Colleague: 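Provided herewith is a single structure, encoded as structure tokens, for subsequent inquiry.
All of these numbers come straight from a predicted model, not from anything done at the bench.
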Amino acid sequence: METNPTSSTPPIRIVATRRRRRTVSARLRAGVLELLVPDWMSQAERERWAVEMRGRIERRMRRSKPSDQRLADRARTLNERHFGGRLRWTSIGFDDMSHRWGSCTFTTGAIRIARKAATLPEWVLDYLLVHELAHLEQSDHGAAFHELENRYPLTERARGYLMAMDRLEAPAEAPF
Ligand SMILES: [Zn+2]
């Protein structure tokens, strides 16, 4: 089953900032695409940018891979359970990654989970999803991010599990 990706294009909010900026930047926050523009920019120019950025995102979303239904269903459940259902993403699926367990592209809301994670226990896979979901609101790993991530009660255990897995996969770094 595929969802129509363009149906979930995030709404756009234009935020004028007094900080000196030459360019327009965008971030996805709580499902809304915030367009940061310098406050000297005219209204017409801001609107032109909003149309331009929406176009870019829609093109990028059309190119992105369809969501994996199993991950999409789990993510929806976790979003309801731990985030009050407020998070919005555009696509979610497994992908080939060798050095990472997952990724979240902040500006497009695309979540990818390493294909090797498909065989992890359900509660560890749930943790990976919660981690990437939390990145929809916080792009870094700061205190606010950990507050979001720790809403999942098995976060500590899952992190330990994954660290142990990473050590098994990298025998050169084993302590013996
Ligand atoms: Zn992360």
Colleague: Holding to side-chain hydrogen bond (donor to acceptor under 3.5 Å, both in side chains), I want the full list of residues that pass it with Arg46, two or more places apart in sequence or in another chain.
Modeller: none

Colleague: In Å, rounded to the nearest 0.5 Å, how long is the span from CG of Leu120 to CH2 of Trp101?
Modeller: 4.5 Å

Colleague: So do the side chains of His82 and Pro153 get within less than 4.5 Å of each other, counting heavy atoms only?
Modeller: yes

Colleague: Would you say Arg86 and Glu137 make side-chain contact, with heavy atoms under 4.5 Å?
Modeller: yes

Colleague: Show the nearest heavy-atom pair for residues Ile92 and Ala75, with the distance to one decimal.
Modeller: CD1-CB, 3.6 Å

Colleague: Is there side-chain contact between Leu125 and Arg74, with at least one heavy-atom pair below 4.5 Å?
Modeller: no

Colleague: With sequence neighbours left out, what residues match Glu80 under side-chain hydrogen bond (donor to acceptor under 3.5 Å, both in side chains)?
Modeller: none

Colleague: Could you list the residues that satisfy side-chain hydrogen bond (donor to acceptor under 3.5 Å, both in side chains) with Asn79, not counting sequence neighbours?
Modeller: none

Colleague: Report the distance from atom CG of Leu129 to atom CG of Asp73, rounding to the nearest 0.5 Å.
Modeller: 11.0 Å

Colleague: Can you confirm whether Met41 sits close enough to Trp49 that some side-chain heavy atom of one is under 4.5 Å from a side-chain heavy atom of the other?
Modeller: yes

Colleague: Applying the side chain to side chain contact (heavy atoms under 4.5 Å, CB included) test to Val24, which of Leu36, Leu35, Ile14 qualifies?
Modeller: Leu35

Colleague: Quick one: CZ on Arg70 to CZ on Phe94, what's the gap to the nearest 0.5 Å?
Modeller: 5.0 Å

Colleague: For the residue pair Ala50 and Ile12, what are the closest heavy atoms and their distance?
Modeller: O-CD1, 3.5 Å

Colleague: Under a 3.5 Å distance rule, please check whether Thr155 uses its side chain to pair with a backbone N or O of Arg151 as donor and acceptor.
Modeller: no

Colleague: Closest heavy-atom contact between Ser103 and Met97?
Modeller: OG-CE, 3.7 Å

Colleague: Hey, are the side chains of Ser91 and Arg112 touching, using non-hydrogen atoms and a 4.5 Å cut-off?
Modeller: yes

Colleague: Do you know the tightest heavy-atom contact between Ala72 and Trp89?
Modeller: O-CZ2, 4.5 Å

Colleague: Got a second to check how far Ile113's CD1 is from Asp95's CG, nearest 0.5 Å?
Modeller: 10.0 Å

Colleague: Taking side chain to side chain contact (heavy atoms under 4.5 Å, CB included) as the test, write out the residues that go with Pro121, two or more places apart.
Modeller: Trp123, Val124, Tyr161

Colleague: Tell me, yes or no, whether the heavy-atom count around Arg100 atom CZ, taken from other residues, nucleotides or ligands under 6.0 Å, exceeds 12.
Modeller: no

Colleague: Any non-hydrogen side-chain atom of Tyr127 less than 4.5 Å from a side-chain atom of Arg157?
Modeller: no

Colleague: Indicate, with yes or no, if Val130 and Phe145 share a hydrophobic cluster defined by side-chain heavy-atom contacts under 4.5 Å among Ile, Leu, Val, Met, Phe, Trp and Tyr.
Modeller: no

Colleague: I need the Glu47 CD to Ser42 OG distance, nearest 0.5 Å.
Modeller: 9.0 Å

Colleague: Could you point out which residue of Leu87, Leu128, Leu148 forms a side chain to side chain contact (heavy atoms under 4.5 Å, CB included) with Leu133?
Modeller: Leu87

Colleague: For Arg159, what residues pass the salt bridge (charged side-chain N to carboxylate O under 4.0 Å, His left out) criterion, not counting sequence neighbours?
Modeller: Glu149

Colleague: Can you check whether His146's main-chain N or O pairs, donor with acceptor, with His141's side chain at less than 3.5 Å?
Modeller: no

Colleague: What is the minimum heavy-atom distance between Gln138 and His135, and which atoms define it?
Modeller: O-ND1, 2.8 Å

Colleague: Once side-chain hydrogen bond (donor to acceptor under 3.5 Å, both in side chains) is applied, do any residues pair with Arg81, and if so which ones, sequence neighbours excluded?
Modeller: none

Colleague: For the residue pair Thr90 and Ala110, what are the closest heavy atoms and their distance?
Modeller: OG1-N, 3.7 Å

